[in-house]
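See below for the structure under consideration.
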Amino acid sequence: MTSSKNINKVIKDALKRGWYLIRDKNHLIFGYENGNRVTISKTPKHKSASIAVKKDFQKKEQCYG
């Protein structure tokens, strides 16, 4: 699969867990109920981008502050 398909899958999973889209321009900015945010480029260039984005979502879900 291409990196954009992998990113879309990670985003769909995050939306199911309570993340919501704040902004959609050059970057996608997502917010979470505890106030944390994750920023993603709309055009990922590396295949490993989906792994990094998934880790960012998981890390921010566990942070409270």
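Note that the structure is a prediction, hence the values are computed from the model and not measured.
By the neighbour-count criterion of 12 heavy atoms within 6.0 Å, atom CZ of R37 is sparsely surrounded, having that number or fewer from other residues, nucleotides or ligands.
Among all heavy-atom pairs drawn from W19 and G31, the shortest one is CE3-O, 3.1 Å.
Listed by chain and residue number, nothing satisfies the side-chain hydrogen bond (donor to acceptor under 3.5 Å, both in side chains) test with R23 (two or more places apart in sequence, or in another chain). Contacts of K42 classified as salt bridge (Lys or Arg N to Asp or Glu O under 4.0 Å), with partners at least two apart in sequence or in another chain: D24.
Checked by atom type and distance alone, the side chain of N36 pairs as donor or acceptor with a backbone atom of K60 at under 3.5 Å.
A salt bridge links D13 to K9: at least one charged side-chain nitrogen sits closer than 4.0 Å to a carboxylate oxygen.
To the nearest 0.5 angstrom, L21 atom CG is 6.0 Å from L28 atom CG. Rounding to the nearest 0.5 Å places CD1 of I11 at 13.5 Å from NZ of K54.
Clustering of Ile, Leu, Val, Met, Phe, Trp and Tyr by side-chain heavy atoms under 4.5 Å joins I29 with Y20, I22.
Ring pair F57/Y32: centre-to-centre distance not below 6.0 Å.
Taking the side chain as every heavy atom from C-beta outward, F30 and T39 never approach each other to under 4.5 Å. No side-chain heavy atom of N6 sits under 4.5 Å from any side-chain heavy atom of V10.
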